[in-house]
There are 2 protein chains.
Amino acid sequence: MEPLQHGSVIPLYHQLKERLKEAIETGRWTLGDKIPSENQLMDQFGVSRNTSKKAIEELVQEGILYRVQGKGTFVAKPKLQQSLMGFYSFSKVLKEKGLNPKDVILKIEEVSPTEKIREALELGEDEMVIEMKRLRCANNEPYILESSFIPKSVVQDPKQLNQVGEISLYDLFSQQFNIVVTRAKEAFEPVLIRAEESEYLETEAGQPALLLERTAFDVSGMPVEFCISIVRGDRCRFYTELT
Amino acid sequence: MEPLQHGSVIPLYHQLKERLKEAIETGRWTLGDKIPSENQLMDQFGVSRNTSKKAIEELVQEGILYRVQGKGTFVAKPKLQQSLMGFYSFSKVLKEKGLNPKDVILKIEEVSPTEKIREALELGEDEMVIEMKRLRCANNEPYILESSFIPKSVVQDPKQLNQVGEISLYDLFSQQFNIVVTRAKEAFEPVLIRAEESEYLETEAGQPALLLERTAFDVSGMPVEFCISIVRGDRCRFYTELT
DNA sequence: CAGTGGTCTAGACCACGCA
DNA sequence: GCGTGGTCTAGACCACTGG
């Protein structure tokens, strides 16, 4: 491990913070691992305890680490999973509780992206994408019709996506492709269900729904997924808390 | 100003933080005011600079204060205004930019609350509410039809609400009734526009819309407003960023 | 008991904004 | 030049956890 640059314009705690973050993002430490104590970091990097503390505290603030007094400092769950839960938790989303979630994969195939998708994923000319279309159900009733578009450069072989259903798409990204999704942009608006969607969602055309578009980015800021969801309005309600 | 309790179970920085927060919430300092410097707080409360700094830093983290190097520490905008801006900024909400926002008050009157409203506002039997129904426009085109329900105990005289339009409801709350809204819960779902709403919104029944319900709370956690909005789906798009 | 994080002090030097 | 916040050090005592 190279020493930190003392006397640099970049604060020591910030340099240390980046080192720790890098070690987590590259998989050096993962979910639940114990990282070195304040005293150990202090010795390893030649800084004071308050400086190593400040680096850790900011990472705790960002939700990357968590601390337990008397035990140590540990790696928290990836950030996006937390945020998604915070914003619209799928369990809370459903009016009925006691749900039995299940995803049906309708198709996985290589397609030519529309202009909108090409833009969202920052693709070049002629770059192809893999489309995975899923019907997401709870208690065997459909509630979301979802299409994920993933650049071919990310997932060379569509077959690799077949595991989705057993594990989540983002877990698959992290485990199979070494891609950690850390950020996402979302846009949504109310729409009417169209005829071709109504069949899958087992409802009628013209019923209220939410159109949700999400672009997910990996740690380097590269877009890795563009997702379009149609959410049945009668089955879903979204909650947020503004504090 | 009473001194802090040294040696208490409650950390000094936390006590100081509460003192500062209280001074802001009671109006001792308001938006844009400069608060005492770290050195001044250090002397006034008999703590070290790091302790006064930590109290301030946490309030900065919570968005209550902001700091400018070389100038000082200042009171930020009330939190809710920020959150609302962060979550669905009305300016970003509109597809068209260069908007000219205007609110038309349709009615202000004392009404008997429905069961839903009574529950949201935690009202007792026979307690009345003031309903303020507004049509919110941009570029003279309607986009939101909104009804606010406010407990009569909060605003004794409906006439006091007439200023809304010149200033925002939450600014009125803070200036006239000394109520600072600090928290809000929101729920939304897609719906179809109904006949009676379509007239105001100048569209057709059956068009997509967003139904948005918000309960706003003051500092003590008392509900002070329940608001039902119908948002035209064709004119609005909501954005969020998950990080 | 040793190790951890939680709090706190009393110093220090720096970059910045302003008069 | 002075006051501000930004960074940093080297100590200290405490409460909690685990062996």
Side-chain angles (χ1 to χ4, degrees), chain A residues 1-21 23-24 29 31-76, chain B residues 1-21 23-24 29 31-76:
Chain A
M1 209 75 180
E2 293 163 22
L4 303 180
Q5 297 174 15
H6 286 255
S8 154
V9 280
I10 302 162
L12 286 172
Y13 77 88
H14 193 268
Q15 294 182 43
L16 178 51
K17 191 179 148 188
E18 291 305 314
R19 297 286 185 96
L20 297 175
K21 215 191 315 191
I24 292 164
W29 300 310
L31 204 160
D33 283 4
K34 186 167 182 292
I35 75 162
S37 71
E38 291 179 358
N39 284 325
Q40 288 171 336
L41 291 174
M42 184 178 147
D43 294 340
Q44 273 181 48
F45 292 95
V47 296
S48 76
R49 192 179 153 206
N50 276 344
T51 301
S52 67
K53 177 187 283 293
K54 174 141 188 170
I56 292 174
E57 274 178 347
E58 292 212 347
L59 291 172
V60 170
Q61 189 58 47
E62 293 172 21
I64 294 173
L65 300 176
Y66 66 92
R67 324 193 75 178
V68 183
Q69 193 177 97
K71 295 186 72 174
T73 303
F74 306 87
V75 178
Chain B
M1 209 75 182
E2 292 164 20
L4 303 179
Q5 296 174 15
H6 286 255
S8 154
V9 280
I10 302 163
L12 287 173
Y13 77 88
H14 193 269
Q15 295 182 43
L16 178 51
K17 191 179 148 187
E18 290 305 314
R19 297 288 184 96
L20 296 174
K21 215 191 318 193
I24 292 164
W29 300 310
L31 204 160
D33 283 5
K34 187 168 182 291
I35 76 161
S37 72
E38 293 179 357
N39 284 323
Q40 288 170 336
L41 291 174
M42 183 178 147
D43 295 339
Q44 275 182 47
F45 292 96
V47 295
S48 76
R49 193 180 152 205
N50 276 344
T51 301
S52 67
K53 176 187 283 292
K54 174 141 187 170
I56 292 175
E57 273 176 348
E58 293 213 346
L59 291 172
V60 169
Q61 189 59 46
E62 293 172 21
I64 294 172
L65 299 176
Y66 65 93
R67 324 192 76 178
V68 183
Q69 193 177 93
K71 295 188 71 174
T73 303
F74 306 87
V75 178

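Note that these values count all heavy atoms, side chains included, but never hydrogens, waters or copies made by symmetry. Below, chain A is the first sequence line, B the second, and so on; all start at residue 1.
Nearest heavy-atom pair, A:M42 versus A:S48, reported as atom, atom and distance to 0.1 Å: CG-C, 3.9 Å. Of all heavy-atom pairs spanning A:L65 and A:V75, the tightest one is CD2-CA, 3.9 Å. The heavy-atom pair separating A:L41 from A:S52 by the smallest distance is CB-CB, 4.0 Å. Summarising the geometry of B:F74 relative to B:V68, their closest heavy-atom pair is CE1-CG2, 4.1 Å, with the distance given to 0.1 Å.
Taking 4.0 angstrom as the limit, A:K71 places a side-chain polar atom (N or O) nearer than this to OP1 or OP2 of D:dG18.
A heavy atom lying under 4.0 Å from DNA chain D marks the following residues of residues 53-69 of chain A, by number: A:K54, A:Q69.
Protein chain A contacts DNA chain C over a range whose 5' and 3' limits, counting nucleotides with an atom under 4.0 angstrom from a non-hydrogen atom, are C:dG3 to C:dT9.
Checking A:T73, A:T51, A:L16 one by one against A:I56, the side-chain contact (heavy atoms from CB on, under 4.5 Å) holds for a single residue, A:T73.
A straight line from CD1 of B:I10 to P of D:dC14 spans 19 Å, rounded to a whole angstrom.
With DNA chain D read from its 5' end, the first of the two nearest nucleotides for A:G46 and B:Q40 is the one closest to B:Q40. Ranked by how close their nearest DNA chain D nucleotide is to the 5' end, B:T73 and A:S48 are led by B:T73.
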>> Determine whether A:K21 and A:E18 satisfy the following criterion, salt bridge (Lys or Arg N to Asp or Glu O under 4.0 Å), listing intermediate values before the conclusion.
In response: CA-CA 5 Å; A:K21 215 191 315 191; A:E18 291 305 314; 3.8 Å; yes
>> side-chain contact (heavy atoms from CB on, under 4.5 Å) for A:W29 and A:L20? Distances and angles first, verdict last.
In response: CA-CA 9 Å; A:W29 300 310; A:L20 297 175; 3.9 Å; yes
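Contact of the B:L4 side chain with the B:R19 side chain is registered, since non-hydrogen atoms from C-beta on lie closer than 4.5 Å.
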